[in-house]
Asks: 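If you scroll down you'll find the structure; I have some questions about it.
Each chain gets a letter, A, B and so on, in the order its sequence line appears, and its residues count up from 1.
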Amino acid sequence: MDQAGEKGAANRRAYLRIEGVTKRFDDTLAVDEVSLEIGEREIFALLGSSGCGKTTLLRMLAGLETPDAGRIVLDGENLAEVPAHRRPTNMMFQSYALFPHMTVEANVAFGLWQERPRLTRAEVEARVAEMLDLVQMQRYARRKPHELSGGQQQRVALARSLAKEPKLLLLDEPLAALDKKIRQRTQLELVNLIERVGVTCILVTHDQEEAMTMAGRIGVMNEGRLLQVGTPGEIYETPDCRFTAEFIGEANLFHGRVADGALAGADFPAAIVLPPEAGLAEGDEAWVSVRPERVSLSRAGAASAGVSEPADCNAATGEVADIAYLGSHSVYHVRLANGRIVIASVPSVHWGDAPPPTWGDVLRVAWFAPDGVVLTR
Amino acid sequence: MMSARVRPGATVWLLAVYAFLYVPILCLIAFSFTAGEITTQFDGFSLRWYGELLRDDELVDAVLLSLRVGAFAATAAVVVGSAAAFVLARFGRYPGSAAFAGMTTAPMVMPEVVIGLSLVLLFTHPLFTFLGGRGVAAIWAAHTTLCTAYVTVLVQSRLREMDRSLEEAALDLGCPPFKVFFVITVPVIAPALVAGWLLAFTLSMDDFVLAAMLSDPGSTTLPVLVFARLHHGLKPEINALATVIVALVSLAVVVANRAMLSAQRKRAAALRHAAGISPTGVPNVTLGSPDIRR
Amino acid sequence: MRRQHFFLARGRFWVGMLPWAWMLLFFALPFALILKVSLSTPELAIPPYLPPFVMEPGDVLPHLRPDFASYRRLHDELLALGTPGADLQYLAAWGNSLLLAALTTLLCLLIGYPFAYHIARSREAARNTLLMLVMLPFWTSFLLRVYAWMVLLDSSELGLINRVLLAAGLVDAPLQLLYNQGAVLVGMVYSYLPFMVLPLYANLVKLDPQLLEAAADLGARPWTTFLRVTLPLSRRGIVAGSMLVFIPAVGEFVIPDLLGGGDVLMIGRKIWEDFGPNQDWPMAAAVAVTMVLVLIAPIVLLHRHGRADGRTDGRSGEAG
Ligand SMILES: Nc1ncnc2c1ncn2[C@@H]1O[C@H](COP(=O)(O)OP(=O)(O)O)[C@@H](O)[C@H]1O
Ligand SMILES: [Mg+2]
């Protein structure tokens, strides 16, 4: 993920600063004291399951919703008192919200027309042509939105929200309305386009793949709170809470309390050796998260052949409960003696020429202590 | 698919009901061309009664009055009804909002005799003489009230269907709120406004009870006149009138239907075209899908 | 909760003001007047009633003098129910109205349900036209459609149906077809059928054919499928259609007047007579009040269950 790291490093000077923004709807706390800083030209993704408040946060940035508390500062300007139609932000709506009674051209020109008389007709037309060119929709300039396919509508919506050169581009589930296949292709197209234009961009998605592909940094949201912010690599490799660990990819979580420097609990037959510098005191409650690809599998018989375990290895044996063969790798669900399922993902080549284990086989699961991540919340 | 299968029972039932609906009307039409005086006896083909129709000044006056009242009532109903629809669809809850919702739609479900009586009491009340008493203005106000209910329902459902993010997108693109209403909201709900106007117009043209209760000697609308004549005996002239009305309405409905269908076809063709040459070749996703955000 | 600034507060006020003022003046106030007049005393005057209160010189507040005579009349008829020879004209009119309205609703449902069902199940291209054909008579003059039945049912040897029957030798003398309950019923079913068909159609057309296929796949016979799947799912359409027919049918005045002759008493007609020839406005108002009271239940039913689709949209209002 070095591409992501590079993007994340890009200009960290806070261009957009969100400070303690809160929004309550009747009895739902949609956004709960979110604070966030975003650099210029950064592509930032808000990731979270449906209903966690991503859209509400985005709408507050656009001025379509008024925060109950908190401040939003964009490029040194406090946006609190600026109504939606005067904000230097533009949003691409989840439904695209293309004006059905206007042509593609008129849709793209709409925002520019509001700038008259600062812009002349010729300037507007030139800019519209440029935008349609950018998204390769010149041929459809005279079409009405309902005469376009979903992908085409998406591109028109993008052109429309870029036409005014906003300081901040807001994308609400930009690709959710598209089919899976063209969605994946469009992800990279969209990133390239945004980078070419050089606009600061916040995109909202519930699809972790989409967030990881498109964004330099990701903010994970749950129930209105921003839980963790980081590059895709950081978020995946070093989640700092159980929600992130389980939401991004898959994770084996083991609960316990620290006793004698190891984690003792009912989830794992043995006390779990903690990674170095876990920073826990005796008696602390904690969880250890282990990614499935960090769990190694071997036949139980081979392990008991007398090779001594390294000191920082956590191991147990269990029975294969389920196997999902996914081509390049397979996912094994191994049931330990205590009934807990441990998920392990192993490359299909792992077993060599020997036949792979099957249902009911007894396997040894193990991981090295440094591969586990200690979580305290 | 099972729905496309032709079932003889279904066809027979459909035909029977359509016959029930249309035979009386077709009889009226047929006997409008009689040369004789009797509405149920064909004494040779003639356009005699159509000529009588045009020479009948009383009737022509009544038609003109009905058209006038209809047009003004429909226009007023669209204005009041759209405003009411906005209040219902957009203002949320406020003290009295439920009462307002009930009031705007109640005229639709109240018996006309009751509405008529209540309005007569208003227009004849000594405190409300400034409203001008019974007469054309009273009929206009009564029709506007009745039609407002229908327009409100039509426009309100269109407003609720309308994707709110269209207005938000316009705001987001820098359009001031007041202008958003005229450049986005009104064009988007325009079909409902047109449909509402037409419905209001036909309701007003057709209303007898309110017009009869609120009319004074100088304000005889077409239904009031027709009703009076029906009590004085049947004449083929009424058949001729019915034929003209049926012909006009059918023409209007067929033309409107054609226009709608051809627009649909054009749109479908454009979509196929778009899908065919779109680089992705993926079937289209409709924009009007239910508001996903909320 | 804070509102968005879609309309400036003042703009919203004026937008709301217009329909509020209109409805208060032309709907709520007139209804209050009905209540007031129903408690007034008939009087040869313009308007023909004395108000139910008097202001004497020096009074700050008027003296209430409600006259319950009109309601007492209705009440006395109720008490006299079953007494031979009692004058029960209002009660009889009420009974007959409810009976005719109920019969009309039932017949419309029996005719209209299969009709709407078959339209909804016909080819998609044909549906539009079929539905338009239902609407078409509805858009033409109501009075003239009733008139058509006067022509068809005419009881002299010139009546269209009588002519056919006589010519076919089925009867010797013309039948008394017009000016009876049957004629009114036919006229009402004819006039109100579209009100039944449209909500039913709107409901049935949304019924997913796959549900029927699923039922068939699970072994249900067509009738079972209909009774256990289609019918329960179209309940809303049935309620809406039935109420849309029943409510105006109860108050109907024109059809009994034109097709019913002098014998068919209906409550809408009583209002009309008391209002017109009898010049007893308090009585007309009292009957109107009872009519509103009786119709409240069906109207509430229509609102509760009758929405053709039960879309609940609690939130969309609040953001504006
Ligand atoms: N206009 C509104 N009125 C009331 N509740 C709302 C409104 N908009 C959103 N919510 C609630 O706020 C929460 C967050 O919604 P949203 O921001 O749309 O989530 P997301 O975009 O992450 O799916 C949800 O519980 C939603 O029901
Ligand atoms: Mg959302």
Asks: Tell me, side chain or backbone of Met205(B) under 4.5 Å from chain C's heavy atoms, or both, or neither?
Replies: neither
Asks: Pick from Cys27(B), Ala141(B), Pro223(B): which one has the most heavy-atom pairs with chain C under 4.5 Å?
Replies: Ala141(B)
Asks: How long is the gap from CG on Leu28(B) to CG on Leu152(C), to the nearest 0.5 Å?
Replies: 7.5 Å
Asks: Name the option with the most non-hydrogen atom pairs under 4.5 Å to chain C; the candidates are Val80(B), Leu241(B), Leu248(B), Val79(B).
Replies: Val80(B)
Asks: If you compare all heavy atoms of Ile111(C) against all heavy atoms of Trp13(B), which two are closest, and at what distance to 0.1 Å?
Replies: O-NE1, 3.1 Å
Asks: Between chain B and each of Leu295(C), Ile271(C), Val250(C), Asn128(C), count heavy-atom pairs under 4.5 Å; write down the option with the most.
Replies: Asn128(C)
Asks: Which heavy atom of Val87(B) sits nearest a heavy atom of Gly16(C), and at what distance?
Replies: CG2-CA, 3.5 Å
Asks: Parallel, tilted or perpendicular: which one describes the rings of Trp149(C) and Phe20(B), with boundaries at 30° and 60°?
Replies: tilted
Asks: Taking side chain as everything from C-beta outward and backbone as N, CA, C, O, which of these in Leu133(C) sits under 4.5 Å from a heavy atom of chain B? Side chain, backbone, both or neither.
Replies: both
Asks: Return the option, out of Gly251(C), Ser141(C), Ala288(C), Pro248(C), with the maximum number of heavy-atom pairs under 4.5 Å with chain B.
Replies: Ser141(C)
Asks: Any side-chain heavy atom of Leu136(C) sitting closer than 4.5 Å to one from Ser250(B)?
Replies: yes
Asks: Picking from Val146(C), Asp154(C), Ile119(C), Asp257(C), which has the most non-hydrogen pairs under 4.5 angstrom with chain B?
Replies: Asp257(C)
Asks: Sequence neighbours excluded and cut-off under 3.5 Å, please list the side-chain donor-acceptor pairs for residues 106-127 of chain B, or say none.
Replies:
from      : atom 1 : to        : atom 2 : distance (Å)
Ser118(B) : OG     : Ile115(B) : O      : 2.8
Thr124(B) : OG1    : Val120(B) : O      : 2.7
His125(B) : ND1    : Leu127(B) : N      : 3.0
His125(B) : NE2    : Lys36(C)  : NZ     : 2.8

Asks: Ignoring hydrogens, what is the shortest heavy-atom contact between Ile25(B) and Tyr190(C)? Give both atom names and the distance.
Replies: CG1-OH, 3.5 Å
Asks: Search all heavy atoms of Leu21(B) against all heavy atoms of Leu193(C) and return the closest pair with its distance.
Replies: CD2-CD2, 4.2 Å
Asks: If you count heavy-atom pairs within less than 4.5 Å of chain C, which of Val246(B), Asn239(B), Leu203(B), Val254(B) leads?
Replies: Asn239(B)
Asks: Name the region of Val151(C), side chain, backbone, both or neither, that has any atom closer than 4.5 Å to a heavy atom of chain B.
Replies: both
Asks: Highest number of heavy-atom pairs under 4.5 Å with chain C: which of Ile245(B), Val209(B), Leu230(B)?
Replies: Leu230(B)
Asks: Which bit of Thr152(B) comes within less than 4.5 Å of chain C, counting heavy atoms only: side chain, backbone, both or neither?
Replies: neither
Asks: For Phe142(C) and Phe208(B): C-alpha separation, side-chain torsions, deciding distance, then whether side-chain contact (heavy atoms from CB on, under 4.5 Å) applies.
Replies: CA-CA 9 Å; Phe142(C) 166 67; Phe208(B) 162 71; 5.9 Å; no
Asks: Which pairs would a plain distance check flag for residues 21-35 of chain C, meaning a side-chain donor or acceptor within less than 3.5 Å of a matching protein atom at least two apart in sequence or in another chain?
Replies:
from     : atom 1 : to        : atom 2 : distance (Å)
Trp22(C) : NE1    : Thr145(B) : OG1    : 3.1

Asks: Could you tell me the separation between the CZ atom of Phe227(B) and the CG atom of Leu258(C), rounded to the nearest 0.5 Å?
Replies: 5.0 Å
Asks: What are the two closest non-hydrogen atoms of Trp139(C) and Leu198(B), and how far apart are they?
Replies: CZ3-O, 4.1 Å
Asks: Determine, step by step, whether Tyr18(B) and Leu130(C) satisfy the side-chain contact (heavy atoms from CB on, under 4.5 Å) criterion, reporting the C-alpha distance in whole Å, the side-chain angles of both residues, the deciding distance to 0.1 Å, and the verdict.
Replies: CA-CA 9 Å; Tyr18(B) 281 118; Leu130(C) 291 175; 3.3 Å; yes
Asks: Do the side chains of Phe31(B) and Leu160(C) get nearer than 4.5 Å, heavy atoms only?
Replies: yes
Asks: What part of Leu14(B) gets within 4.5 angstrom of chain C, counting heavy atoms only: side chain, backbone, both, or neither?
Replies: both
Asks: Below 4.5 Å from any heavy atom of chain B, which atoms of Val289(C) appear? Answer side chain, backbone, both or neither.
Replies: neither
Asks: Among Met291(C), Arg163(C), Met243(C), Arg145(C), which has the most heavy-atom pairs under 4.5 Å with chain B?
Replies: Arg163(C)
Asks: Quick check for you: among Ala16(B), Gly81(B), Gly96(B), Gly9(B), which has the greatest number of heavy-atom pairs under 4.5 Å with chain C?
Replies: Gly96(B)
